[in-house]
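Note that the structure is a prediction, hence the values are computed from the model and not measured.
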2 protein chains.
Amino acid sequence: MFVKNLFATNMFVTVDGMTGHSDTPRSDTPRSRRERPAKPALTRAGIIAAAVEIMRDEGLRRVTMRRLAEELDTGPASLYVYVRNTAELHAAILDELLGAVDLGPVRAEGDWRERLEAVLTSCVTVLLEYPGLAQSALVARPSGTHYLALIEALLALLDEGGVPAGQAAWGVDLLLQYATATAAEHAAGDRAADTRQEWDAFTRALRGVSGRTHPHIAALAGDLLSGPPPARLSWGFHMLINGISHTPRPETDASSEISPG
Amino acid sequence: MFVKNLFATNMFVTVDGMTGHSDTPRSDTPRSRRERPAKPALTRAGIIAAAVEIMRDEGLRRVTMRRLAEELDTGPASLYVYVRNTAELHAAILDELLGAVDLGPVRAEGDWRERLEAVLTSCVTVLLEYPGLAQSALVARPSGTHYLALIEALLALLDEGGVPAGQAAWGVDLLLQYATATAAEHAAGDRAADTRQEWDAFTRALRGVSGRTHPHIAALAGDLLSGPPPARLSWGFHMLINGISHTPRPETDASSEISPG
DNA sequence: ACCTGAACACCGTTCAAGT
DNA sequence: ACCTGAACACCGTTCAAGT
């Protein structure tokens with residue numbers, strides 16, 4: 001951006017965000033620079049906030065170190081003081097967004113299953129708002145406060161329902177995985193005519209299958225694609241809660257631990 | 001997982017069998033140029049075969065249009081005659097790889113649950129061999145023959161087990177989603193010390209949690225991380241099969257259909 | 001300690017022009 | 001019909017040098 005050089009000398013910036021030359025409006029200033037007379041000091045929180053804003057406006061794909069730096073009137077190198085890499089940035093965005101999940105049902109009245117489903121549905125809804133984020137959420141390992149609060153909420157509800165702790169501990173993984181994957185799928189569908197074609201190809205492949213070679217697909221093709229998404233989602237949650245409740249864990253030596261490798 | 005390298009041999013060969021990496025290791029020649037005296041004509045199959053090879057050697061991240069073009073001694077623009085875009089390329093690779101899933105158990109003797117689990121485990125094993133592919137598999141919509149064969153196999157086993165068709169049709173989605181997501185997680189863990197740090201941060205966050213604010217996590221921290229991966233995977237499959245078998249579908253108007261949007 | 005310019009080593013995709 | 005060079009518009013990350 002052209003404005004960048006106007007601010008290139010950084011000596012005027014102070015902690016409270018005052019610069020020496022907030023004046024001299026220029027007619028050809030790009031809109032994105034409008035209303036931002038002073039360049040605020042970089043902070044991790046500020047960087048993440050800007051990243052969320054870009055994602056909201058332009059999608060996750062545009063949340064790049066360079067685009068973000070541009071938005072913050074600096075060079076990409078500067079961001080690496082606060083963020084280790086792009087993956088960590090995405091994880092931070094994700095945790096930020098998880099703050100919007102409604103955990104109210106945890107302390108509400110009513111059937112624990114319905115409240116559990118409500119929390120999970122809220123989770124999907126939040127993720128669905130930001131195409132692409134859910135996809136990165138599938139591999140990201142956020143460790144922020146909002147993510148922890150979500151896990152705590154799910155465990156509390158399962159506990160209330162009398163689900164054995166061991167099953168709950170392992171089951172939470174599956175519940176979140178399903179919620180995230182569902183959102184990711186729909187987000188992917190959102191993105192473009194591109195993916196629409198991919199999906200069309202898929203449905204065509206399913207329907208075009210020969211009853212001789214693929215009898216079960218042929219018999220069920222309609223069913224494989226059928227059902228309003230909310231009904232499928234709800235069925236999925238019920239199914240998972242049933243499975244988690246009723247499937248005892250195997251006997252293992254208690255303290256072996258998963259490693260990422 | 002340590003087993004991974006045992007499977008590194010090439011099971012998927014090009015149409016005409018020219019893979020170019022069968023023999024004569026050379027110390028100094030760049031590997032990519034070795035053994036390619038004549039430039040073969042471009043074909044879709046040849047392009048995909050080359051892509052699989054690059055993925056095998058250098059990981060999915062390096063399977064780019066440009067890298068692939070280099071491997072095939074041409075310019076990136078040439079590939080667009082055969083492949084619509086990078087996403088389609090990844091989907092094609094995925095389907096190719098799914099050919100390695102062992103569908104033998106479908107027609108074998110024995111308990112249908114165990115055979116179903118065997119097929120799913122084979123699926124995870126195959127995906128685990130190629131870090132990064134599983135991740136793209138979570139959003140890709142392959143419509144190739146191998147993917148269809150896999151779905152048919154799962155449906156056949158569920159049918160044999162007497163699972164109502166409607167539940168089977170919706171459940172297959174979840175089974176594959178779980179298999180893929182599990183592989184993606186471990187593949188991600190594989191990638192780098194980078195991700196290792198992310199994971200360490202996660203476990204530290206879990207353990208560091210206060211028993212006052214997060215009582216359930218505090219009580220279960222060990223359990224959330226515990227268990228040999230194969231035991232967890234197996235429990236997950238049992239749990240899903242139980243849930244699918246025992247959760248009736250809701251009554252809906254039969255023929256509404258999911259759209260990608 | 002924080003910030004920067006500049007560089008290194010890459011990307012996907014398009015398109016007019018060639019064969 | 002297929003293939004290409006060249007261009008457009010981008011990437012992540014590092015690092016020596018500045019303040």
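- Comparing C/dG12, D/dC3, C/dC10 by their closest approach to the side chain of B/V81 singles out D/dC3.
- Whole-Å rounding puts the A/R66 CZ to C/dA6 P distance at 13 Å.
- A donor-acceptor pair is defined here as one N or O able to donate and one able to accept, closer than 3.5 Å; such a pair exists between the side chain of A/Y82 and the backbone of A/L42.
- In this structure, of C/dT13, D/dA6, D/dC3, it is C/dT13 that holds the atom nearest to the side chain of B/P76.
- Atom CG in A/L60 sits roughly 14 Å away from atom C1' in D/dC11 (whole-Å rounding).
- Shown here, C/dC2 forms a base pair with D/dG18; the pair counts as Watson-Crick or G-U wobble because both key distances fall under 3.5 Å.
- Scanning both residues, B/L233 and B/Y178, for their nearest heavy atoms gives CA-OH, 3.5 Å.
- Atom CG of A/D73 is separated from atom P of C/dT4 by 9 Å (rounded to the nearest Å).
- At the phosphate of D/dC15, neither OP1 nor OP2 sits under 4.0 Å from any side-chain N or O atom of A/Y80.
- Positionally, the nearest nucleotide of DNA chain C for A/L79 lies more toward the 5' end than for the other of B/T64 and A/L79.
- Pairing partner, D/dA7: C/dT13, with both Watson-Crick or wobble hydrogen-bond distances short of 3.5 Å.
- With rounding to whole Å, B/R67 atom CZ is found 12 Å from C/dG12 atom P.
- Using a 4.0 Å cut-off, no side-chain N or O of B/S78 falls inside it from OP1 or OP2 of D/dC2.
- Atom CG in A/L68 sits roughly 14 Å away from atom P in C/dC3 (whole-Å rounding).
- Looking at the side chain of A/N85, the nearest of the listed nucleotides D/dT13, D/dC15, C/dT13 is D/dT13.
- Between B/R44 and B/E88 there is a salt bridge, since a side-chain N of the basic residue sits under 4.0 Å from a carboxylate O of the acidic one.
- One finds the CD1 atom of B/I54 at 7.0 Å from the CG atom of B/L72 (value rounded to the nearest 0.5 Å).
- A/T74 has no side-chain polar atom (N or O) that falls below the 4.0 Å cut-off from OP1 or OP2 of C/dC3.
- With both ends at atom P, the span from C/dC8 to D/dA9 equals 23 Å, rounded to whole Å.
- Separating the CE atom in B/M55 from the NE2 atom in B/H90 is a distance of 9.5 Å, to the nearest 0.5 Å.
- Comparing B/L42 and A/M65, the nucleotide of DNA chain D nearest to each residue sits closer to the 5' end for B/L42.
- Atom CD of A/E70 and atom P of C/dT4 are 14 Å apart (whole Å).
- Atom CZ in A/R61 sits roughly 17 Å away from atom P in C/dC11 (whole-Å rounding).
- Between B/L72 atom CG and D/dC3 atom P there is a gap of 11 Å when expressed in whole angstrom units.
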